[in-house]
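So the structure is just underneath, and the comments pick up after that.
Since this is a predicted model, take the numbers as computed values, not measurements. One-based numbering, in listed order, for ligands and for the atoms of each.
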Amino acid sequence: MRRFFPIALLALGLVLCSACGAGRNSPGDSSNEDLIVVGMCQVGAESDWRVANSESMKAVFTEENGYRLLFDDARQKQENQITAIRKFIQQQVDYIVLMPISESGWDSVLQEAKEAGIPVILVDRMVDVEDESLYAAHIGSDFLKEGRLAVAWMEDAFREAEDPVRVIHIQGTLGSTAQLGRTAALEEAVETHENWELPAQMDGDFTQAKTYEVMTEYLSSLPGGRDIDVVYCENDNIAFGALQALEEQGYACGPDGVSIITFDATRGALTECLNGRIALAVECNPLLGPLVETVIQDMEAGRTPEKHSFVEERVFTSENLTAALVESRAY
Ligand code: GYE
């Protein structure tokens, strides 16, 4: 009999614990009661940018800072992100942070989060939903603006060109906000510049391996090599794959050869930009953890956060880069 009470209490505790969630009101885990529970749905680890973005989140949402982070890596599949959101709803997390892989297909699952009373914060990319109240806030980059910065550089670099300017375009994950914005900027520029041509548009899925494959296949299909003026790469890892394929097939990349344009401007790309193999790197800042925390703290204090916040970004060429700047780059 003497052992009955502790065992019964333990069993009762387990029942209570399984019925409750991971959120702060959980009676099951007194040591973690005050932690804010954040369920995070990350796209994957497809690029250097993405890895830096995940690290930024993990550095902010620590127990020392008052958080319990439940981190899910969707391995670049939207269905995995949807499953993760449903799990976080079941666990009754306090906030869901979602980096949506693509813009469409979110209405129902975000409605489920809303009905469960869990605010959703969108990071990096956007969702295309009818009802804006399905998310509390969005923090990311203005991808159309980034694309237009690249176009402005091209206008300057090819101002005097009388011959056609031939641009090979390698896109990121189709349907993602980053792809849609960067692509729109290039396509609208090709429409308005009579001598700009777009002989090829390929899907590089934001990865070096996929880009190397599609670019090698494309270059091998060209009869005896062709003039390429620009390769517009929608992120750094695409640029690395394109560089590898181009150089293997005998194309020179740099001031006297093909101009590579890239987005993100991580340290690896800035290094190539400093040494001239990449002509232009448009910055896209992945260090969004502190901004997400500000949104959560605003909501904790009962304030309504800004619906959309965009980070400031700049462009790099070998002219404004220094070795010290590249060295000090945090990502
Ligand atoms: O440019 C790319 C990544 O959505 C801004 O996704 C992000 C993009 C970034 O994989 O490297």
Side-chain angles (χ1 to χ4, degrees), residues 40-57 72-78 80-81 97-104 106 121-128 135 138-150 169-186 202-212 214 231-243 260-273 278 280-289 291-292 308-316 329-331:
M40 190 166 290
C41 307
Q42 179 58 285
V43 170
E46 75 284 2
S47 65
D48 298 355
W49 188 99
R50 187 67 54 199
V51 171
N53 181 246
S54 296
E55 279 169 8
S56 169
M57 298 296 158
D72 184 86
D73 174 335
R75 300 183 311 282
Q76 277 191 283
K77 289 217 161 57
Q78 184 172 25
N80 291 344
Q81 291 202 302
V97 173
L98 168 64
M99 292 78 167
I101 181 158
S102 54
E103 291 202 348
S104 60
W106 297 104
I121 300 163
L122 302 176
V123 174
D124 159 25
R125 305 173 183 173
M126 265 297 294
V127 295
D128 181 12
Y135 58 90
H138 163 245
I139 300 155
S141 302
D142 183 339
F143 300 113
L144 182 62
K145 186 171 165 196
E146 289 178 356
R148 288 182 175 154
L149 289 171
H169 179 196
I170 314 180
Q171 298 173 286
T173 306
L174 300 179
S176 68
T177 315
Q179 177 270 312
L180 294 168
R182 293 167 185 169
T183 291
L186 178 62
M202 295 169 247
D203 175 10
D205 204 18
F206 286 132
T207 71
Q208 179 165 348
K210 171 98 186 268
T211 301
Y212 174 72
V214 295
V231 182
Y232 184 97
C233 304
E234 288 189 359
N235 81 342
D236 288 349
N237 297 81
I238 287 182
F240 302 147
L243 265 172
I260 306 279
I261 291 180
T262 187
F263 295 86
D264 286 351
T266 55
R267 200 181 309 115
L270 290 185
T271 306
E272 296 300 352
C273 196
I278 286 180
L280 175 76
V282 180
E283 183 174 50
C284 182
N285 189 346
L287 307 180
L288 304 176
L291 299 176
V292 178
H308 294 276
S309 314
F310 294 105
V311 280
E312 274 304 311
E313 289 159 344
R314 52 194 172 149
V315 299
F316 297 101
R329 193 74 165 160
Y331 54 93

What atoms of ligand 1 come within less than 4.0 Å of a heavy atom belonging to [X]?
| X | value |
| --- | --- |
| F143 | 5 (C) |
| E46 | 3 (C), 6 (O), 10 (O) |
| S47 | 2 (C), 3 (C), 10 (O), 11 (O) |
| C284 | 5 (C) |
| A178 | 4 (O) |
| D124 | 4 (O), 5 (C), 7 (C) |
| N235 | 1 (O), 2 (C), 11 (O) |

Subject >> F143 ring center within less than 6.0 Å of F310 ring center >> reply: no
Subject >> Flag, side chain of D264 to backbone of T266, donor-acceptor distance under 3.5 Å >> reply: no
Subject >> Exam field: side chain E103 to backbone D128, donor-acceptor pair closer than 3.5 Å >> reply: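 The answer is no, because no donor-acceptor pair under 3.5 Å joins these two groups.
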**OP:** Would you please determine whether R182 falls within less than 4.0 Å of ligand 1 on a heavy-atom basis?
**Re:** yes
Subject >> Side-chain touch D203/V214, heavy atoms, less than 4.5 angstrom >> reply: no
Original post:
Does the side chain of R50 reach to within under 4.5 Å of the side chain of D124, using non-hydrogen atoms?
Top reply: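 They are in contact (side-chain heavy atoms under 4.5 Å apart), so the answer is yes.
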Subject >> ligand 1 N/O within reach of W49 N/O, cut-off under 3.5 Å >> reply: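 Such a contact does not occur with ligand 1.
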Original post:
What is the closest protein heavy atom to atom 8 (C) of ligand 1, and at what distance does it sit?
Top reply: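 Looking at atom 8 (C) of ligand 1, the protein heavy atom closest to it is R125 NH2, 3.7 Å.
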**OP:** Looking only at protein heavy atoms, identify the closest one to atom 9 (C) of ligand 1 and say how far it is in Å.
**Re:** D264 OD1, 3.4 Å
Original post:
Any Lys/Arg nitrogen of R267 or D48 sitting under 4.0 Å from an Asp/Glu carboxylate oxygen of the other?
Top reply: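 Here R267 does not pair with D48 in a salt bridge, since their nearest N and O are not under 4.0 Å apart.
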**OP:** Applying side-chain hydrogen bond (donor to acceptor under 3.5 Å, both in side chains), run through N53 and Q42 and close with a yes or a no.
**Re:** CA-CA 9 Å; N53 181 246; Q42 179 58 285; 2.9 Å; yes
